[in-house]
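Take a look at the structure below.
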Amino acid sequence: MTRSVLSLSLLAGALAPAFLAPPAAAAPRFGTEEIVVRSTATFNGLSGTPNPFTAVSLTAKVTSPSGATYTVPGFFDGDGLGGATGNVWKIRIYADRVGTWKWTTSSATSGLGGKSGTFSCSGALAGRFAAGPIVENPQRPRSFMHQYGGPVFLAGKFLDQAASDPLKWSHTMFSEKMTETNRQALLTRHQGMSLNKINVYLANKGDYGGTYPTTPWIGGASSNDKTRFDLKRWRTYEQWVVKLRNAGFVAQLWFFADDSGFGDLPDADRKRLIHYGMARLSGYVNTVFTGMLEWQEGWTTTEVSNHMTYLQQQNPWARHASVHGTTGDFSFPSAAWADYMDTQPGNSASHATVHSHGVRNRALAAKPLIIEEFGLGLEDTAGRQKAWAAFLSGGAGIGTGAFLKRLTAFVPRVPFHLMDPNQALVRSGTAYALAQKGSVYLFYLPNGGTVSVDLASATGTLYGEWYNPRDGASVVAPTVAGGGVRTYTPPGAGDWVLRVRK
């Protein structure tokens, strides 16, 4: 009898592993862990009462391996697969520390509160975001960097009139009128230009002629229920945020488009979208947020500050956020909620206007400046001149331009995050100057021609290079001695970039 019991025990032990669920895979560092909890009751997100988007609150207290704690909002996700009816609720946790994470939920709804668990974080994401999210450089706060990596110049082309429909405007990427094929073609085009940022609307009715609306709510652009979200569409949004992350792109997500009347919505409707969007998407390492486009069209300064403060309260992972205005200077440089400044010199601006705009706005605050809108994106000389003028103004990023592949290829050649605009270095001729005085000097000559530059702050031998922003070719410039004014003439006609270094 004893022998038989022993044999059965050994047999049970041998078979047990085949019946146990495999251990959960560890979240990679800088990845997103998704916690799923289920309510006792099933909710109808389309039309049922109570409305799960308004009647239920769910948060989680999350503790990282370092001991830091976060209050993270949860969200209703129907059946968890894009269906509107179900009992699935999710909490997305940004796992930025290796080790064991803990979480505990709070909710008055049956089945959601009092749940707890742990998960493990190890390894790291593949690709660009293995170095963490885009953050302000604490040593050079007017520039961006990866939190655990090097400096970053953000380059996007949300206005791309050189493309064919429906790829002209990256803001429309999440539109219900776009197909998956369209979205992939848009990403492929931006990859071909060697960009690292894509601007995308989360809600749009009338911008770009209303042809490609983005409606996050149940219904269409002309009629929808702003107390309920279309879960199938949101599933598409998050899947593409992940695809952008894997392709190395910052997803700059804009909550409210202009020309859409969103400034007239009740506060509750606008804040509901902000809350839901942050709960679903801020847990992804590559997200950055813009509250509204051209806020002056329907929003007061008080409303802007109120809503952006609310956004930051729903932002446990400290994703960068700001707003975008009409043509002119940034209106909220000292606001605590504004992590960066997002501006437009105007689509008809000259390169000189773009440059002066950048220099002036860069001086408003020790924050990164994204010069977003200064042309419609034709691949022409004017677009190229303005993109380089923006870069030489000391901006931390741009949103449009031309010949951008040549610009993004050049950027790593200089310590741009250590350089400042300095027009006093140009003694004669037409050029824009960016310099780390005594070490590296950069001059952009928008119309070519001879230029005399002040290199008095540099000593010893200085080496020069002419860079052709049209084709990316380089030509050696004369070697000169530092300590005075030196004259350079480009090797051909057109615009040129001159790099002088020790």
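What you see is a predicted model, and the numbers here were worked out from it, not measured in a lab.
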Are Trp295 and His324 close enough that their ring centres sit under 6.0 Å apart?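 For Trp295 and His324, the ring centres are not under 6.0 Å apart.
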
Between the side chains of [X] and [Y], does any donor sit under 3.5 Å from an acceptor?
| X | Y | answer |
| --- | --- | --- |
| Gln313 | Thr309 | no |
| Thr343 | Glu372 | no |
| Glu176 | Thr215 | yes |
| Asn306 | Lys271 | yes |
| Gln312 | Asp339 | yes |
| Thr326 | Glu294 | no |
| Ser116 | Trp103 | no |
| Asn137 | His417 | no |
| Ser64 | Ser66 | yes |
| Gln161 | Lys168 | no |
| His357 | Gln344 | no |

Is the ring pair [X]/[Y] parallel, tilted or perpendicular, if the boundaries are 30 and 60 degrees?
| X | Y | result |
| --- | --- | --- |
| Tyr201 | His171 | parallel |
| Phe332 | Trp337 | tilted |
| Tyr70 | Trp101 | parallel |

What I want to find out is whether [X] reaches [Y] closely enough, with some N-O distance under 4.0 Å, to be called a salt bridge.
| X | Y | answer |
| --- | --- | --- |
| Asp420 | Arg362 | yes |
| Asp77 | Lys90 | yes |
| Arg92 | Glu238 | yes |

Return yes if some donor-acceptor pair links the side-chain N/O of [X] with the main-chain N/O of [Y] below 3.5 Å, else return no.
| X | Y | answer |
| --- | --- | --- |
| Thr69 | Val62 | no |
| Arg128 | Gly248 | yes |
| Ser143 | Pro141 | no |
| Asn286 | Phe249 | yes |
| Arg228 | Gly45 | yes |
| Lys157 | Gly399 | no |
| Thr408 | Lys405 | yes |
| His320 | Val288 | no |
| Ser260 | Asn204 | no |
| Ser170 | Asn199 | yes |

If I compare all heavy atoms of Ser175 with all of Tyr212, which pair ends up nearest, and what's the gap?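 In terms of heavy atoms, the two residues are closest at OG-C, 3.2 Å.
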
Looking at Trp299, is Arg270 sitting on its ring face, NZ or CZ under 6.0 Å from the six-membered ring centre and within 45 degrees of the normal? yes

Arg319 to Phe289 six-membered ring, cation-pi geometry met (6.0 Å, 45°):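 Checked: cation-pi criterion not met.
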
Kindly compute the distance separating CE (Met419) from CG (Leu392), expressed to the nearest 0.5 Å.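 Answer rounded to 0.5 Å: 8.0 Å.
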
Given the rule in the side-chain hydrogen bond (donor to acceptor under 3.5 Å, both in side chains) test, do Arg272 and Tyr276 qualify, once you have shown the distances and angles that lead to the verdict? CA-CA 6 Å; Arg272 188 179 303 109; Tyr276 196 78; over 6 Å; no

